[in-house]
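Because only heavy atoms are used, hydrogens play no part in the values below, and waters and symmetry mates are left out as well, while side chains stay in.
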There are 2 protein chains.
Amino acid sequence: MRGRGAKIAGVLPLFMLFIAGTISAFEDIERLRIWPLPAQVSHGGRRMYLSGDFKLVTEGTKYGDTSGILKEGFDRMLSIVRLSHVISGDWNSSGSGGSALLQGLHVIISSSTDELEYGADESYKLVVPSPEKPSYAQLEAKSVYGALHGLQTFSQLCHFNLKKKVIEILMTPWNITDQPRFSYRGLLIDTSRHYLPLPVIKNVIDSMTYAKLNVLHWHIVDTQSFPLEIPSYPKLWNGAYSSSQRYTFEDAAEIVNYAQRRGIHVLAEIDVPGHALSWGKGYPALWPSKNCQEPLDVSNDFTFKVIDGILSDFSKIFKFKFVHLGGDEVNTTCWSATPRIAQWLKKHRMSEGEAYQYFVLRAQKIALSHGYEIINWEETFINFGSKLNSKTVVHNWLNTGLVENVTASGLRCIVSNQENWYLDHIDAPWQGFYANEPLKNITDKKQQSLVLGGEVCMWGEHIDASDIEQTIWPRAAAAAGT
Amino acid sequence: MRGRGAKIAGVLPLFMLFIAGTISAFEDIERLRIWPLPAQVSHGGRRMYLSGDFKLVTEGTKYGDTSGILKEGFDRMLSIVRLSHVISGDWNSSGSGGSALLQGLHVIISSSTDELEYGADESYKLVVPSPEKPSYAQLEAKSVYGALHGLQTFSQLCHFNLKKKVIEILMTPWNITDQPRFSYRGLLIDTSRHYLPLPVIKNVIDSMTYAKLNVLHWHIVDTQSFPLEIPSYPKLWNGAYSSSQRYTFEDAAEIVNYAQRRGIHVLAEIDVPGHALSWGKGYPALWPSKNCQEPLDVSNDFTFKVIDGILSDFSKIFKFKFVHLGGDEVNTTCWSATPRIAQWLKKHRMSEGEAYQYFVLRAQKIALSHGYEIINWEETFINFGSKLNSKTVVHNWLNTGLVENVTASGLRCIVSNQENWYLDHIDAPWQGFYANEPLKNITDKKQQSLVLGGEVCMWGEHIDASDIEQTIWPRAAAAAGT
């Protein structure tokens with residue numbers, strides 16, 4: 001989800017001379033360990049060392065960092081660089097090598113705001129000097145979140161020197177200019193099929209920053225369980241697996257805050273009207289009947305009141321521009337099979353399919369009323385097409401050719417085609433993740449601009465806290481490099 | 001590796017009334033989540049809450065904590081207690097429930113020293129009052145390391161209350177007295193078959209503290225790789241898998257320090273004369289020949305100089321009373337097959353077996369000269385019996401009846417019988433780990449006292465950084481409860 005240049009240089013190095021321009025020799029690629037490969041990279045052949053008290057300097061920046069986002073990001077960067085070995089060489093007290101000593105990083109940010117805005121400029125420019133030059137590296141970015149990307153890149157230039165026992169940067173000077181290819185670079189986690197404790201979700205968020213992914217799609221609830229507290233409808237989390245497999249509302253806010261401070265949006269999902277059986281554990285009125293429990297009862301206003309309550313609560317903590325309303329894999333037979341609902345369908349002269357459309361569109365309106373734009377799984381487009389609200393983003397997962405059709409219709413699209421980007425397909429090798437192309441067969445510029453990006457999906461049926469990170473990575477990184 | 005009382009109460013709750021004495025009802029066991037179960041536990045039925053600024057108080061203690069070991073342990077305890085949920089309830093500003101508010105933990109340590117001494121008193125006594133009583137819990141211990149165990153137990157009394165969104169302790173008052181059943185409660189890790197990065201080893205050490213294990217047996221090098229820097233023989237780590245799969249000498253010191261601050265000894269092992277092929281990558285003179293590379297050349301004084309250099313370096317950082325010299329699975333055919341060595345055997349009138357004995361005993365003398373007592377795998381006892389130095393601890397892994405024979409001979413013993421306590425046997429269920437009894441068939445008190453304890457072994461052939469923790473736990477905890 002980065003740049004094609006990155007792709008070709010990383011995996012097909014023989015083609016690199018045609019593409020990556022300023023990179024000058026094959027063997028350099030072997031040592032170019034930046035991933036995803038930035039848009040533009042040039043470098044020299046000199047070695048520098050990081051000072052033992054490598055400093056963050058922000059003179060001349062417009063960003064005040066009152067919330068400490070930059071400072072924390074810098075400290076995390078240093079922790080990563082120093083993680084695997086004890087830095088025991090002392091370059092400060094040594095007279096030799098002083099000119100090759102990098103004293104710190106000078107970060108200049110031109111926007112003063114902390115606000116994490118979707119689609120905003122995430123670019124950065126990173127310069128590491130050669131030994132003759134002033135002894136600070138320089139990182140320029142429009143926003144603090146672009147600067148965080150630059151810090152990740154900087155950390156990947158750093159290596160532990162086993163002889164001198166200090167951190168070194170090879171091949172200086174470096175000139176790196178970077179910006180993501182897509183504004184939406186997502187990872188889905190699923191806390192309904194297996195509960196994921198808060199610290200595990202935080203670890204996943206941290207790992208996303210290494211690959212410069214920027215959207216955590218939180219598939220919170222589903223048929224299997226409802227782990228989240230909803231203050232407006234406090235019995236909903238009766239659908240949790242157990243009392244300890246729950247997130248309080250404050251826990252959810254903490255996840256959002258933790259992600260936001262790392263430049264990551266949290267996309268909350270409720271998948272309606274299917275994939276919602278667990279809702280009825282606390283409120284059985286949401287079920288068509290005790291014996292036919294899914295999809296949610298389309299005939300009952302209470303259903304939409306609950307959705308309204310959830311999205312009202314969501315809007316207090318999930319500040320991302322979008323909410324995900326699901327809408328996939330809806331089997332409507334329960335509706336006709338339940339006399340009360342069958343009667344309602346008859347009264348309103350609706351087929352099951354029309355009721356499905358009625359449900360999806362009514363849920364969309366509720367989301368809009370809370371200030372959200374909407375993401376829906378692709379079945380909603382296939383079934384209702386132009387009836388969908390124009391603020392809908394269609395989330396592909398199933399059909400070939402879907403992205404062309406969605407963008408041709410003028411709607412926006414996110415690509416998660418399962419044959420390549422479903423991480424729960426554990427027999428799917430990284431090459432498939434890597435070769436996937438969101439813009440495949442789309443040549444029209446306007447249509448291309450409607451493809452917001454892609455998302456790899458870590459569905460939770462077969463993973464839990466003990467193996468989610470090992471199943472996400474490294475294949476998600478391959479996708480991040482496309 | 002704790003107490004039989006713990007075992008029976010934990011797994012066979014029906015017998016608990018006969019054993020665990022002060023525990024009064026079956027349903028309480030269901031909520032008694034302390035593991036390993038302490039030697040003595042009694043409790044009431046009242047609920048208390050932890051104050052938002054739960055404090056460490058040390059008035060009247062003899063331990064100055066100049067190195068911060070207690071303070072860090074207390075902070076780690078609080079982090080664990082607060083890990084999984086946001087504590088958003090405010091008990092400080094609330095008038096109600098004040099009497100049920102636990103303000104902090106009063107820790108009283110009677111020994112002033114930081115020294116982590118093997119076999120020293122690890123006991124502690126933990127009292128959590130009921131709501132009417134003074135609002136501090138009290139933890140008494142002989143040493144700071146006993147207090148760290150008490151902090152672990154305290155953390156396990158704490159639960160998150162989903163309604164009030166604070167930390168609570170149920171069933172107060174608590175009176176807990178505890179001490180480990182065995183002085184040696186080990187876990188083996190193997191960094192030769194797969195390299196384990198420093199942060200992974202630190203995670204393993206942290207996890208050991210939860211089960212009150214106290215010896216990290218570091219099987220550092222073996223046939224496959226030699227990842228550790230040895231300053232006296234700097235080419236030894238040429239036997240590492242790669243330049244980045246190495247530990248500097250300072251890294252090793254950091255592991256020892258990290259463990260020591262958590263009350264855990266690090267037992268370093270070099271497994272000689274077999275299991276040492278990788279040594280010859282840097283120093284081929286250690287091989288019998290280029291085509292016959294194991295065991296180490298018994299005929300060459302250089303071999304023993306290198307062992308002396310390694311143990312000399314070890315003695316600077318590995319401060320544990322014991323060093324492990326391996327000695328298992330020695331196939332001596334390379335010695336006879338190498339003309340030079342065959343000649344040496346003939347000159348010294350040694351059989352291969354006698355040369356094996358000569359090697360093991362000479363290595364033992366070198367270890368003793370550096371102030372170490374010795375641990376050797378059981379083959380050395382089976383082959384050389386009473387010839388072993390009296391400071392030898394025999395490490396069982398293979399044979400039934402070994403522990404009886406070793407202790408009958410007056411030597412000490414550690415139990416790691418593979419059919420029950422090898423964690424790399426991934427088809428071995430926790431019940432076997434749990435049912436294993438180090439003192440099986442040993443009724444003589446003197447012999448019992450020679451069984452130092454047990455160790456579970458996480459051999460590294462089939463695990464790496466990505467799954468070592470998931471393979472160690474929870475089965476190691478079952479062993480810790482025996």
Side-chain angles (χ1 to χ4, degrees), chain A residues 31 33 79-90 159-166 195-203 207 227-229 231 234 237-238 240 242-258 317 463-474, chain B residues 31 33 79-90 159-166 195-203 207 227-229 231 234 237-238 240 242-258 317 463-474:
Chain A
R31 298 158 76 188
R33 301 180 190 175
S79 299
I80 290 168
V81 164
R82 294 171 177 163
L83 187 65
S84 296
H85 294 283
V86 174
I87 313 298
S88 57
D90 183 3
H159 308 285
F160 180 71
N161 182 310
L162 278 166
K163 281 179 190 159
K164 296 190 193 295
K165 302 185 178 178
V166 294
Y195 180 81
L196 299 171
L198 208 59
V200 172
I201 296 178
K202 289 181 175 178
N203 281 352
S207 69
L228 179 63
E229 178 184 27
W237 71 354
N238 290 7
S242 72
S243 64
S244 64
Q245 289 171 302
R246 288 177 174 177
Y247 309 101
T248 65
F249 200 59
E250 291 80 6
D251 291 343
E254 166 71 6
I255 288 170
V256 172
N257 178 55
Y258 190 90
I317 57 170
I463 54 101
D464 64 13
S466 74
D467 58 357
I468 182 171
E469 292 176 75
Q470 297 87 333
T471 312
I472 290 173
W473 308 104
Chain B
R31 298 158 76 189
R33 302 180 190 175
S79 300
I80 289 169
V81 165
R82 295 170 176 166
L83 189 64
S84 296
H85 295 283
V86 174
I87 314 299
S88 58
D90 183 3
H159 307 285
F160 180 72
N161 181 312
L162 278 165
K163 281 181 191 158
K164 296 190 193 296
K165 302 187 179 180
V166 295
Y195 179 81
L196 299 171
L198 209 59
V200 172
I201 296 178
K202 288 181 175 177
N203 282 352
S207 69
L228 178 63
E229 178 183 28
W237 73 355
N238 290 6
S242 72
S243 64
S244 65
Q245 289 170 304
R246 287 177 174 175
Y247 309 102
T248 66
F249 199 59
E250 290 80 7
D251 291 342
E254 166 70 7
I255 288 170
V256 173
N257 179 57
Y258 190 91
I317 58 172
I463 54 99
D464 65 13
S466 74
D467 58 357
I468 182 170
E469 291 175 74
Q470 297 86 335
T471 313
I472 290 173
W473 308 104

Practice problem: Could you tell me the separation between the NE2 atom of A:H159 and the OG atom of B:S243, rounded to the nearest 0.5 Å? | Solution: 10.5 Å
Quiz prompt | From B:E250 atom CD to A:H85 atom NE2, the distance as rounded to the nearest 0.5 Å | solution = 11.0 Å
Quiz item: For B:K165 and A:E229, what are the C-alpha separation, side-chain angles and deciding distance, and is it a salt bridge (charged side-chain N to carboxylate O under 4.0 Å, His left out)?
Solution: CA-CA 12 Å; B:K165 302 187 179 180; A:E229 178 184 27; 2.6 Å; yes
Exercise. Could you list the residues that satisfy side chain to side chain contact (heavy atoms under 4.5 Å, CB included) with B:D467, not counting sequence neighbours?
Key: B:I463, B:D464, B:Q470, B:T471
Quiz item: Under a 4.5 Å heavy-atom cut-off, does chain B meet the side chain of A:E469, its backbone, both or neither?
Solution: neither
Quiz prompt | Contact origin within A:W237 toward chain B - heavy atom pairs under 4.5 Å | solution = side chain
Practice problem: Quick one: which of A:S466, A:P234, A:P197 has the most heavy-atom pairs under 4.5 Å with chain B, could you say? | Solution: A:S466
Quiz prompt | Which residues share a side chain to side chain donor-acceptor pair (under 3.5 Å) with A:N161, sequence neighbours left out | solution = A:E168
Quiz item: Is there a side-chain contact between B:L198 and A:L83 (heavy atoms, below 4.5 Å)?
Solution: no
Practice problem: Answer yes or no: is there a donor N or O on one side and an acceptor on the other, between the side chain of B:D251 and the main chain of A:V86, under 3.5 Å? | Solution: yes
Quiz item: If every non-hydrogen atom of B:S84 is compared with every non-hydrogen atom of A:P199, which pair is closest and at what distance?
Solution: CA-CD, 4.2 Å
Quiz prompt | Under 4.5 Å from any heavy atom of chain A - which part of B:S244 | solution = backbone
